[in-house]
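Below, each value reflects all heavy atoms present in this structure, side chains not excepted, and no hydrogens, waters or symmetry copies. Every number for a ligand or one of its atoms is a count from 1 in the order of the listing. Small disclaimer: the values here were computed from a predicted structure and weren't measured.
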Amino acid sequence: SGTVLLQVRVAPLGVDRVLVLAEDRTEARRVEAIRRDFVVNVSHELKTPVGAIALLAETVADAADDPVAVRRFTERMQREARRLSALVHEIIELSRLQATGALSDVRSVDVAAVVEEAVDRARTTAAAKNIVITVGGVQDALVFGDHNLLVTAVRNLLDNAVSYSPSNTRVGVGVSERAGLVEITVVDQGVGIALDEQDRVFERFYRVDPARSRDTGGTGLGLSIVKHVAADHGGDVQMWSEPGRGSTFTLRIPAADVPQPTLKEVGA
Ligand code: ADP
């Protein structure tokens, strides 16, 4: 709403005069609400796998003399534990990004190397669904930033492309430079995202289909992290998507055409 919350302090200055100090508290309130929501969401998200593991442990104890059941339930426990671990990892990553707001260790980063590392890590999950990741049109490009955070961002986009695509499809990654921006594009032939969901998918913990996302090990934090990494690099994320046809996510980061001077050059 357009309401502005003012914190007003009134100090009497004399018989017929008062001093009114008004401070806009809207932003502070908003930030506080976001933080509170985050804590509530985190607790809720953590409870689900923890509860499942506890329940499965009980079931395993009861089924101790049935090796087939024991195996099935322990596998599910392992899956929940992996999800829990991914969730904790992403929560830490996201709070770190939110706390600092900016990058601590800025260097000139080779984007092709970022893409190569992200693709390498995503290949195993892709192979399990017989999805081929093709890297095409990679241009030599440099940006200023944090190599590892950029790998995380591209990896999240690739993981999503694989998760939300049927088997035997293709995922494409490319790097190009246009108008001073380096663009890393991830294209899939997956389920796509309906127009009215497209803004929401970047929100923390938002999932179009929570059940499906959980099955694929999703946490609902991936795109939120991508958005923060892009913003911290002075860039953004663009999305095109059509249900049933696929999605394209483009990470755009300002190009670093001028290499940073070395310590020797600046006389240090
Ligand atoms: P999750 O861990 O659930 O994948 P994300 O923040 O990465 O969380 O994505 C949020 C939601 O956006 C997902 O749950 C999914 O519904 C949708 N989504 C993300 N990427 C894609 C994609 N490439 N194709 C279709 N849907 C996607």
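- Here Arg207 contributes atom CZ and Tyr164 contributes atom OH; the two are 7.5 Å apart, rounded to the nearest 0.5 Å.
- The closest approach between Gly190 and ligand 1 stays at or above 4.0 Å for every heavy atom of the residue.
- Residue-ligand proximity, Tyr206 to ligand 1, at heavy-atom distances under 4.0 Å covers atoms 10 (C), 11 (C).
- Contacts with ligand 1 closer than 4.0 Å are made by heavy atoms of both the backbone and the side chain of Leu223.
- A donor-acceptor pair is defined here as one N or O able to donate and one able to accept, closer than 3.5 Å; no such pair exists between the side chain of Thr169 and the backbone of Ser165.
- Only the backbone of Leu221 comes within contact range of ligand 1, with a heavy atom under 4.0 Å; no side-chain atom does.
- Side-chain atoms of Gln139 and Ser176 include no donor-acceptor pair closer than 3.5 Å.
- Which parts of ligand 1 touch Val208 is read off a 4.0 Å heavy-atom cut-off, strictly below it: atoms 14 (O), 16 (O).
- Contact check on Arg96 versus Glu90 returns no salt bridge, with no Lys/Arg side-chain nitrogen under 4.0 Å from an Asp/Glu carboxylate oxygen.
- Checked against a 3.5 angstrom limit, the closest N/O atoms of Phe249 and ligand 1 fall outside it.
- For ligand 1, the polar-atom distance check against Ser224 finds no nitrogen or oxygen pair separated by under 3.5 Å.
- Residue Asn160 places at least one N or O, backbone or side chain, under 3.5 Å from an N or O of ligand 1.
- The closest approach between a heavy atom of Asn156 and any atom of ligand 1 is not below 4.0 Å.
- Within the 3.5 Å criterion, the main-chain N or O of Ser241 finds a donor-acceptor partner in the side chain of Gln198.
- With hydrogens and angles ignored, the 3.5 Å screen pairs a side-chain donor or acceptor of His233 with a backbone N or O of Asp146.
- No side-chain heavy atom of Val237 sits less than 4.5 Å from a side-chain heavy atom of Val229.
- Within the model, atoms OG1 of Thr152 and CZ of Arg121 stand 6.5 Å from one another, a figure rounded to the nearest 0.5 Å.
- The distance criterion of under 3.5 Å between nitrogen or oxygen atoms is not met by Asp209 with respect to ligand 1.
- Proximity of a side-chain donor or acceptor of Lys47 to a complementary backbone N or O of Val42 within less than 3.5 Å is not detected.
- Distances from atom 23 (N) of ligand 1 to the heavy atoms of Leu87, Asp188, Val191, Val162 show the closest one on Asp188.
- In this structure, Ser163 does not count as a contact residue of ligand 1, since none of its heavy atoms falls inside 4.0 Å of the ligand.
- Every heavy atom of Phe202 sits 4.0 Å or more from the atoms of ligand 1.
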